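Reminder, nothing fancy here: chain letters follow the sequence lines and each chain counts from 1. These numbers come from a predicted model, not from an experiment. Just so you know, these numbers use all the heavy atoms, side chains as well, and skip hydrogens, waters and symmetry mates.
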Protein chains: 2
Amino acid sequence: MLSSYSTADKVLLALDCIIFGFDQHQLKILLIQRDFEPEKGKWSLIGGFLKRTETLDDAAKRILNHLSGLDDIYLEQLYTFSEVDRDPGERTLSTAYYALINSEDHKLLEDGDYTAKWFDIKEAPNLIFDHNEMVQKAILRLRRRAVSKPIGFELLPEKFTMLQLQKLYEAILDVELDKRNFINKVNALDILVKLDEKDMTSSRKGSYLYQFDKEKYDQKIEEGFTFKI
Amino acid sequence: MLSSYSTADKVLLALDCIIFGFDQHQLKILLIQRDFEPEKGKWSLIGGFLKRTETLDDAAKRILNHLSGLDDIYLEQLYTFSEVDRDPGERTLSTAYYALINSEDHKLLEDGDYTAKWFDIKEAPNLIFDHNEMVQKAILRLRRRAVSKPIGFELLPEKFTMLQLQKLYEAILDVELDKRNFINKVNALDILVKLDEKDMTSSRKGSYLYQFDKEKYDQKIEEGFTFKI
DNA sequence: CCAAAAGTGTTTGTGATACACCCATGC
DNA sequence: GCATGGGTGTATCACAAACACTTTTGG
């Protein structure tokens with residue numbers, strides 16, 4: 001028999017964000033050290049509770065905006081975690097979201113409630129509750145998405161070099177890629193604009209900067225193009 | 001500021017199942033005609049509410065078991081839907097699951113509360129709330145999964161012919177496949193057992209029956225094999 | 001002139017696709 | 001003996017992977 005509304009149990013629904021960043025070398029996640037119970041002092045994902053008047057996407061945006069001041073962050077719902085004892089405090093479910101932010105351009109806002117810090121995904125501390133599992137799932141999802149949708153650019157500055165893009169994909173996929181093959185493949189996609197500008201910080205010769213051309217990409221998608229790296 | 005447990009809102013969490021079946025020709029979904037409000041008389045997915053003492057997976061299994069009597073059904077969490085007005089009755093979120101069942105082997109249990117009926121996915125009626133969206137998402141997920149994990153067998157009888165398997169993939173992917181290429185590909189995977197038995201119902205010559213060899217598959221996965229159709 | 005990173009093509013191998021005829025059987 | 005679906009192999013093409021040298025320029 002289907003439960004009716006009146007007899008059904010209500011639950012607390014939390015939302016936790018796996019926030020990815022990239023620092024030119026490694027994929028990072030943003031963690032906070034909890035200044036509140038339970039598990040005070042331990043590292044965890046950034047989270048909050050869903051309000052009655054907002055969608056999960058709204059809640060994720062609210063939490064990310066509060067942390068960064070940004071409101072155009074790429075995010076995607078990952079999974080809803082529901083182990084009965086996952087939170088020792090109270091029966092709480094949590095829907096995990098992952099977000100991609102360009103950690104260079106944007107400073108994190110200060111908040112008295114916690115200390116936020118970037119960790120290399122390979123060197124992240126042990127997290128509370130089921131947050132480790134959330135992070136693992138997020139990494140797998142990011143890997144699948146990054147090769148089939150042009151979301152990698154969200155982790156880079158507006159203008160970037162080919163090498164930066166390659167390093168990003170190497171960090172996400174945790175593999176080494178061949179420079180020539182990578183560049184050939186990216187150029188074949190034909191969705192970047194090569195600028196006249198060069199980045200002179202990395203070498204005497206300087207390397208050309210590129211930009212993702214969203215209009216061109218959308219146009220090609222309309223025509224049946226499939227992004228694939 | 002992060003909400004604290006005490007001030008956070010509690011919500012009703014429903015669970016809706018997209019139940020896929022296959023009848024040798026088309027991919028089907030199981031729908032019920034609601035005998036209760038709201039939206040009485042309209043078609044909807046099979047669902048229920050999460051109980052305080054169970055996980056979402058538990059709830060999905062409970063709902064499917066109640067419907068079919070089976071408890072070894074393949075299922076996977078899909079997405080949590082959270083539009084504020086998605087259910088006009090009360091603020092309710094719903095986590096959608098999809099399930100794969102072999103509709104031939106198993107009879108559905110009767111239940112006075114509703115009438116369950118199989119619909120071709122291309123001819124399904126309009127559904128209540130956001131259930132159409134759930135179904136669309138489930139189809140896309142199933143397509144991605146079916147080519148990268150050996151879950152298609154869940155929709156077939158224990159023993160099946162190559163043609164049945166091909167028709168299944170054609171229905172899932174909504175494409176036509178070449179018989180020789182399909183069989184070559186499947187044989188190359190080397191995860192089926194060819195039985196000495198033949199299915200004589202479809203032709204005079206009869207066609208060999210095959211079975212999925214889970215042990216062999218698991219073994220190959222251990223060794224780094226990747227399933228890909 | 002030299003050190004350091006940027007930039008650039010070709011060859012080879014592998015997997016995907018296209019395609020047509022013979023086989024076995026019951027009637 | 002014939003109608004019906006079952007079963008099988010090869011040639012071509014497209015994409016993925018391997019691979020090394022030249023260019024630029026600031027010091």
Side-chain angles (χ1 to χ4, degrees), chain A residues 24-25 143-144 146-148 156-157 159-211 220 223-229, chain B residues 24-25 143-144 146-148 156-157 159-211 220 223-229:
Chain A
Q24 311 289 306
H25 303 286
R143 275 184 196 156
R144 275 187 286 117
V147 297
S148 61
L156 292 174
K159 301 170 182 181
F160 51 85
T161 67
M162 277 288 182
L163 185 61
Q164 285 177 301
L165 186 62
Q166 182 183 337
K167 290 292 169 205
L168 170 67
Y169 274 91
E170 290 183 338
I172 291 175
L173 302 175
D174 194 26
V175 292
E176 299 228 318
L177 299 171
D178 178 85
K179 178 168 61 159
R180 282 163 295 184
N181 289 339
F182 182 79
I183 292 174
N184 287 158
K185 210 188 271 189
V186 171
N187 280 334
L189 291 176
D190 188 29
I191 53 170
L192 297 187
V193 200
K194 185 176 188 170
L195 305 175
D196 283 332
E197 232 171 312
K198 281 190 164 191
D199 168 27
M200 301 306 295
T201 62
S202 61
S203 74
R204 301 170 204 249
K205 188 179 177 180
S207 57
Y208 282 104
L209 290 165
Y210 290 79
Q211 239 178 319
K220 297 191 76 158
E223 294 162 0
F225 164 80
T226 308
F227 180 93
K228 185 75 184 48
I229 285 189
Chain B
Q24 312 288 307
H25 302 286
R143 276 183 196 157
R144 276 187 285 117
V147 297
S148 61
L156 292 175
K159 303 170 181 181
F160 49 86
T161 67
M162 277 288 181
L163 185 61
Q164 285 177 302
L165 187 61
Q166 181 183 339
K167 291 292 169 204
L168 171 66
Y169 274 90
E170 290 183 339
I172 292 175
L173 302 175
D174 194 25
V175 292
E176 299 228 318
L177 299 171
D178 178 85
K179 178 168 62 160
R180 281 164 295 184
N181 290 339
F182 183 79
I183 292 175
N184 288 157
K185 210 188 272 189
V186 171
N187 280 333
L189 292 175
D190 187 29
I191 52 171
L192 297 187
V193 200
K194 184 176 187 170
L195 304 174
D196 283 333
E197 229 172 314
K198 281 190 165 194
D199 169 29
M200 301 307 294
T201 62
S202 60
S203 75
R204 303 170 203 245
K205 187 179 177 181
S207 57
Y208 282 105
L209 290 166
Y210 290 79
Q211 237 178 323
K220 298 191 77 158
E223 294 162 0
F225 164 81
T226 307
F227 179 94
K228 186 75 184 51
I229 285 187

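- Atom CG in B:Leu168 sits 10.5 Å away from atom CG in B:Leu177 (nearest 0.5 Å).
- The OH atom of B:Tyr169 sits 6.5 Å away from the CZ atom of B:Phe182 when rounded to the nearest 0.5 Å.
- Between A:Asp178 and A:Arg204, the residue anchored nearer the 5' end of DNA chain D, judged by the nucleotide with its closest heavy atom, is A:Asp178.
- Relative to the ring axis of B:Tyr208, B:Lys194 places its NZ or CZ within 45° and under 6.0 Å from the centre.
- For a distance-only test at 3.5 Å, the side chain of B:Lys205 fails to qualify as a donor-acceptor partner of the base of C:dG26.
- Between the P atom of C:dA18 and the CG atom of B:Leu177 lies a distance of 11 Å, rounded to the nearest Å.
- In this structure, CG of B:Leu209 is placed 15 Å from C1' of D:dG7, rounded to the nearest angstrom.
- Between the CD atom of B:Gln166 and the C1' atom of D:dG5 there is a distance of 13 Å, given to the nearest Å.
- Closest to the side chain of B:Ser203, out of D:dG6, D:dG9, C:dT8, is D:dG6.
- The side chain of B:Lys179 approaches D:dT8 more closely than any other nucleotide in the set D:dT8, D:dA3, D:dT25.
- Residue A:Thr161 places none of its side-chain N or O atoms closer than 4.0 Å to OP1 or OP2 of C:dA6.
- Of the listed nucleotides (D:dA17, D:dG9, C:dA6), C:dA6 has the atom at the smallest distance from the side chain of A:Ser202.
- In this structure, CE of B:Met200 is placed 17 Å from P of D:dT4, rounded to the nearest angstrom.
- The distance between atom NZ of A:Lys185 and atom P of C:dG9, rounded to the nearest whole Å, is 19 Å.
- Comparing A:Lys198 and A:Asn184 by the nucleotide of DNA chain D that holds the closest heavy atom to each, the one mapping nearer the 5' end is A:Asn184.
- Judged by distance alone, the side chain of B:Lys159 and the main-chain N or O of B:Leu195 form no donor-acceptor pair under 3.5 Å.
- Ranking D:dG7, C:dA6, C:dA20 by closeness to the B:Arg180 side chain, first place goes to C:dA20.
- Atoms CE (A:Met162) and C1' (C:dA6) sit 12 Å apart, rounded to a whole Å.
- Straight-line distance from the CD1 atom of B:Ile183 to the C1' atom of D:dG6: 8 Å, rounded to whole Å.
- Summarising the geometry, the separation between OH on A:Tyr208 and P on D:dT24 is reported as 10 Å, rounded to the nearest angstrom.
- Residues B:Lys220 and B:Glu223 are not paired through a salt bridge, judged by the lack of any N-O separation under 4.0 Å between the basic side chain and the carboxylate.
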